[in-house]
Amino acid sequence: MISSLSFINQKGEILIYRVYKDDINRNEIIQFCAKMIATKENKESPIINIDQTSFIHISIKDIIILATTKIDVNVAMVLEFLYQLTKICKAYFQGNLDENCIRKSFVLIYEILDEVLDYGIPQIADANLLQKFIQEGGIQQETTINIERLRQLTYTLTGAISWRPAGLYYEKNEIYLDIIESVNLLISRKGTVLRSEVVGSIELRSKLTGMPECQIGMNDKLLMGKQARYNKQNSGITIDDMKFHACVGLPKFEKDRIITFIPPDGHFQLMSYRISENINIPFKVNAFYSEIRENKLEIRLKIKSIYDQNIYGTNIIVKIPVPKNSVNVISASSIGKAKHEVEEQSVIWRIKKLQGDVEISLNCEIQLGLTTREEVWSKPPLKIEFQIPMFTASGLRVRFLKVMEKSGYRTNKWIKYLTKGGEYQHRL
Amino acid sequence: MAYFGNNQQRGELQELYIDLNDLNFEKKKEAIKKVIAYMTVGKDVSQLFQSVIKCLEFQDIEMKKLIYLYIVNYSRQKPDDAIMVIQNFRKDVRKSENPLVRALAIRTFGCLRVPKLNEYLIEPLKDCIQDDDPYVRKTAVLCVPKVFEVSPELCPAILEQLQKLLEKESNALVLANLIQSMREIEVLYGKQLIILNPKIIQKLLLAVDECIEWGQIFILDYLATHDPVDSKQAETIIERSLPRLSHINPTVTFCAVKLILKYLDYLDNGDLVKNLCKKISPSIISLLSWNQPEIQYTILRNISLILQKFPILFENEVKVFFCSFNEPYYIKYEKLEIMVRICDSKNFLQVLNELKIYINEADPHFVRKTIKSIGKIAIMYDKALQEAVTILIEFAKNVQQANEPVQELFIQMQILYRKNRYLYKSNDSLKILFNILEYANEPEAKSACAWIVGEFAEFIPKSVEKMQEYIDHFLLEDRLVQLQLLTSGVKLYIKYPSLCSALIQQLINSAKDSFNPDVRDRTYIYWRLLSTDPELVKNLVCYQVKGSQQFQKDIRLWETKDLIIALENMGSISNLFHKLPNQLYKNIKVRNNHQKEAKIYKVDDKLESPSKEQQIKNDQQNQPPQQNQDLDLLNFEEPASNNNQSNNKNKIDVYDLI
């Protein structure tokens with residue numbers, strides 16, 4: 001499938017190069033590197049064909065990870081594989097993946113590459129699992145000698161519950177649940193909602209003993225419809241689509257819409273979901289741009305938080321676009337600090353904390369410098385970044401989380417909600 | 001030894017040689033790491049082969065892996081030395097109790113790719129395929145295509161073994177690898193290896209629930225190439241694949257979508273089809289807003305295929321394709337294209353309003369595409385014409401330099417005027433365009449300007465002067481512009497005979513010296529016509545259509561007969577480039593024994609019969625592909641009536657398909 005994998009730095013140097021099939025040579029990669037450097041801009045599509053060779057690549061900060069192939073592979077699979085590969089590397093390097101750690105740990109990376117692909121065909125690509133038998137500096141001698149443990153390992157690797165090893169034990173059984181929603185919103189110049197969507201994810205951190213079976217239930221309309229005891233007023237929300245971690249029993253979900261799973265150990269994303277109906281938009285924005293004099297622009301901005309009064313939005317950053325030739329910006333805000341940032345071509349208004357149901361305002365006077373050629377300013381949209389704890393824009397709530405294990409221990413459960421700004425944009 | 005030289009690299013190699021032969025284990029290991037580091041940066045360290053493989057006697061697994069990596073890299077160059085490691089491999093495969101070591105050995109063994117070594121590999125490989133440990137089996141199964149690629153003659157017995165394994169294997173992961181391995185061999189072999197029966201299908205479906213995500217992809221991908229025997233089988237397979245729509249790996253979801261879409265054609269139950277469509281649609285839409293742009297891109301590239309066969313899936317979903325300001329441009333281009341395709345008589349205004357925003361963006365290439373899209377929509381829907389002209393003219397007002405978008409603006413405005421001549425009245429469009437005529441510099445745009453000047457001469461204050469300017473540089477122009485200038489010049493002459501007599505003379509004089517035979521031919525035709533029957537020329541050249549003209553537009557990307565094969569290959573590289581696999585890869589044969597006809601799933605639920613579609617296609621193919629409608633001047637023997645028809649007819653193909 002995949003003929004070779006390489007890690008390339010921004011100068012186009014090959015840091016790691018692993019061949020899986022015989023039909024590719026190093027020169028082709030070098031050629032590609034030359035091309036990548038030549039067209040630095042991000043306009044190139046992630047897949048390029050040069051003379052019957054397909055180059056499929058992703059960029060993680062300064063590192064380009066490149067897969068080549070000469071056959072008609074499933075592109076989405078290769079791309080997803082590359083992403084998972086970066087996840088694995090990051091798990092090994094404490095969240096970093098840069099040139100330094102690649103150079104330092106190339107032996108380890110080769111070892112990983114040897115395991116995750118065989119003949120270019122993706123195999124086990126789960127960081128937790130790989131760490132059981134691939135470690136920097138070799139795995140403990142004990143594991144390699146104890147044949148029984150090795151057998152157990154290979155059976156876990158190839159088994160139906162490959163994500164969780166047997167025999168885990170915790171003194172205190174705990175499970176942490178994070179519901180994180182990000183709001184994608186596009187509002188037209190006239191203030192109508194063009195697109196609103198919540199993409200959410202449920203992340204779990206499990207510290208559980210044994211092989212527990214968990215069940216989680218949300219205020220999902222379809223599920224609650226099946227359970228007759230809920231009346232019409234409390235009928236739940238419509239979830240457009242859900243996608244689950246491998247540990248969730250999908251056939252059971254398809255049949256009963258109940259989410260059952262045996263969790264992996266530690267931190268993982270249980271599911272992601274998308275909701276497009278009845279979204280609580282957290283901010284109402286009014287922006288007026290007016291040219292008061294020649295070369296003088298005035299912006300008046302009003303934002304109202306429309307969530308509950310006992311909820312606080314935090315780290316709110318409003319990016320108000322201003323023309324390239326803005327020179328002197330005087331701004332006055334009712335709360336927080338606003339500053340003109342030249343590289344961003346915006347006035348950035350930062351607010352640490354904002355209570356619900358409050359209206360805030362910002363006035364800016366902008367002096368426009370003279371430019372040689374009068375270009376029409378393509379007004380980018382106004383963007384807002386924010387975090388609102390204890391609030392879900394979709395209205396999603398977890399109704400229950402059950403942990404069942406044969407020893408019948410008690411589990412401490414913690415739950416957290418957070419809504420963030422995703423692509424939250426107002427056109428001006 | 002030969003490589004004990006003086007230069008830098010020799011010196012490094014010598015040092016490594018000494019370290020590799022050192023008695024100290026740690027020193028050896030460090031040396032091996034250095035060797036691999038050199039290999040990575042592309043230095044040739046093949047001379048150390050013997051010293052490196054001597055280190056294999058240690059049982060350290062990390063070091064073993066590195067040495068294997070080295071051997072795989074250089075075995076081709078040093079086949080004779082590579083024979084020396086055979087014993088080590090065989091020992092590892094047969095004697096080691098550690099399944100990881102057994103698997104590692106068989107995995108590396110297969111990668112040696114030296115024909116004469118493969119003889120030694122066959123027996124251990126057979127053992128591994130029957131190994132007790134599934135981890136070893138899954139590795140062994142993938143070793144078969146590696147060997148087959150180099151020495152197919154050694155493999156018949158093993159292939160049989162694989163086929164037997166397919167019947168009896170119970171581990172899901174091994175089964176998934178087995179399927180993928182056999183598919184790879186099928187491509188090399190050119191023959192069918194996997195013989196599906198209901199029992200095996202059942203097994204595969206069960207394995208989908210149990211194996212890792214990649215295995216699920218292999219199996220779903222394979223099943224998508226299978227033709228179900230009847231509606232019932234199709235229904236069972238769809239039902240068992242449905243849960244995969246909720247998998248977090250986007251490719252698993254996408255493969256499930258592909259499988260289900262393909263099998264829909266085989267279902268008898270119309271209601272079921274409708275329900276399934278309702279289930280699939282949100283899944284695809286989630287993939288479209290996937291947070292990794294590269295994956296989003298691959299899905300977008302496949303949408304036009306889905307859209308052509310299953311318009312029903314995106315009913316009322318045009319908003320999904322709206323561009324966000326900071327998306328990468330490769331995504332925006334795709335979305336733009338899809339928005340034109342998805343546009344219909346209900347949502348075209350919504351789409352136009354959205355495009356209006358993009359027209360102010362900074363990237364000239366994107367703006368150009370936007371303008372082109374606006375033109376396309378206006379051509380398709382009469383009601384969109386007025387709005388499109390308003391948007392384009394609004395844009396024209398702000399033009400201050402000759403850039404890409406302006407070129408497209410002229411081209412599209414010409415097309416819109418051709419569709420409906422009376423648009424020149426709206427929004428002062430002529431005047432505004434006339435003011436920026438000088439910014440046209442691409443041949444196509446210039447030719448569009450020349451057309452506008454000729455066609456609307458009487459409404460443009462200085463049309464004759466403008467034409468004079470063009471004609472002064474006649475011979476420097478591109479062929480396309482020359483042809484148009486000729487026709488437009490003649491038009492002007494007919495409209496203002498006295499004013500333009502010198503102009504037409506100069507035009508014909510220059511044009512008959514053109515390097516291009518087409519231009520010269522046309523010059524002579526006009527010349528003779530003008531000197532014999534000016535009235536006839538008037539009918540020909542200044543021919544006017546009342547009201548809007550009908551342009552047919554075919555924005556289908558795929559031939560209907562190719563839809564099924566294209567669908568089977570959805571997600572592949574060939575499909576990403578909007579081609580069939582055999583069009584991009586010479587060695588791939590496409591099965592064409594499809595008796596099934598491709599159904600089109602429309603919103604109103606009427607399934608179009610392919611024969612009718614084909615009919616339309618054929619009709620269109622019969623028409624001569626002409627670049628420019630004015631070319632049919634050669635039909636001048638029977639002017640008015642015939643001209644009328646052929647004019648209309650040819651316009652259909654004037655605009656390139658998307």
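Protein chains get the first letters and strands the later ones, always in sequence-line order, with residue 1 at the start of each. When reading the values below, keep in mind they use all heavy atoms of this one structure, side chains included, and skip hydrogens, waters and symmetry mates. Just so we're clear, the structure is a prediction, and the values are computed from it rather than from any experiment.
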- Item | Interface residue of largest heavy-atom contact number with chain B, from A:V19, A:N49, A:D240, A:D72, under 4.5 Å | A:D72
- Item | Pair B:Y297 and B:Y330, ring centroids less than 6.0 Å apart | yes
- Task: Could you tell me which of A:K252, A:K379, A:E197 has the largest number of non-hydrogen atom pairs under 4.5 Å with chain B?
- Result: A:E197
- Task: Report yes if the distance between the aromatic ring centroids of A:W163 and A:F268 is under 6.0 Å, otherwise no.
- Result: no
- Message: Name the residue from B:N569, B:N575, B:D221 that meets the side-chain hydrogen bond (donor to acceptor under 3.5 Å, both in side chains) definition with B:K258.
- Response: B:D221
- Would a line drawn from the ring center of A:F244 to the ring center of B:H247 be shorter than 6.0 Å? no
- Message: Determine whether a donor-acceptor pair (N or O, by modelled atom type, separation under 3.5 Å) exists between the side chain of A:K243 and the backbone of A:S272.
- Response: no
- Lys/Arg cation over aromatic A:F253: A:R257, 6.0 Å, 45° cone: no
- Honestly, the part of A:I30 sitting under 4.5 Å from a heavy atom of chain B is neither
- Message: What part of B:A172 gets within 4.5 angstrom of chain A, counting heavy atoms only: side chain, backbone, both, or neither?
- Response: neither
- Which atoms of A:R189 approach chain B - backbone, side chain, both or neither, heavy atom under 4.5 Å: side chain
- For A:R274 and B:S286, test the side chains for any donor-to-acceptor distance below 3.5 angstrom and give the result as yes or no. yes
- If you tally heavy-atom pairs under 4.5 Å between each of A:I16, A:I14, A:L186, A:I47 and chain B, the highest tally belongs to A:I47
- Query: Ignoring hydrogens and geometry, is there a side-chain-to-backbone donor-acceptor pair from A:S201 to A:M271 under 3.5 Å?
  - Reply: no
- Message: Quick check for you: among A:Y20, A:Y155, A:Y17, which has the greatest number of heavy-atom pairs under 4.5 Å with chain B?
- Response: A:Y155
- Item | Top of A:Q123, A:K383, A:Q425 for chain B proximity - count of heavy-atom pairs under 4.5 angstrom | A:Q123
- Per-residue contact mode, A:T69 against chain B (heavy atom under 4.5 angstrom): side chain
- Note on the structure: Under 4.5 Å to a heavy atom of chain B? For A:M77 that would be both
- Engaged part of A:Y119 at the chain B interface, taking heavy atoms whose separation is under 4.5 Å: both
- Message: For chain B, which candidate among A:G249, A:S54, A:P381, A:A246 shows the most heavy-atom pairs at distances under 4.5 Å?
- Response: A:P381
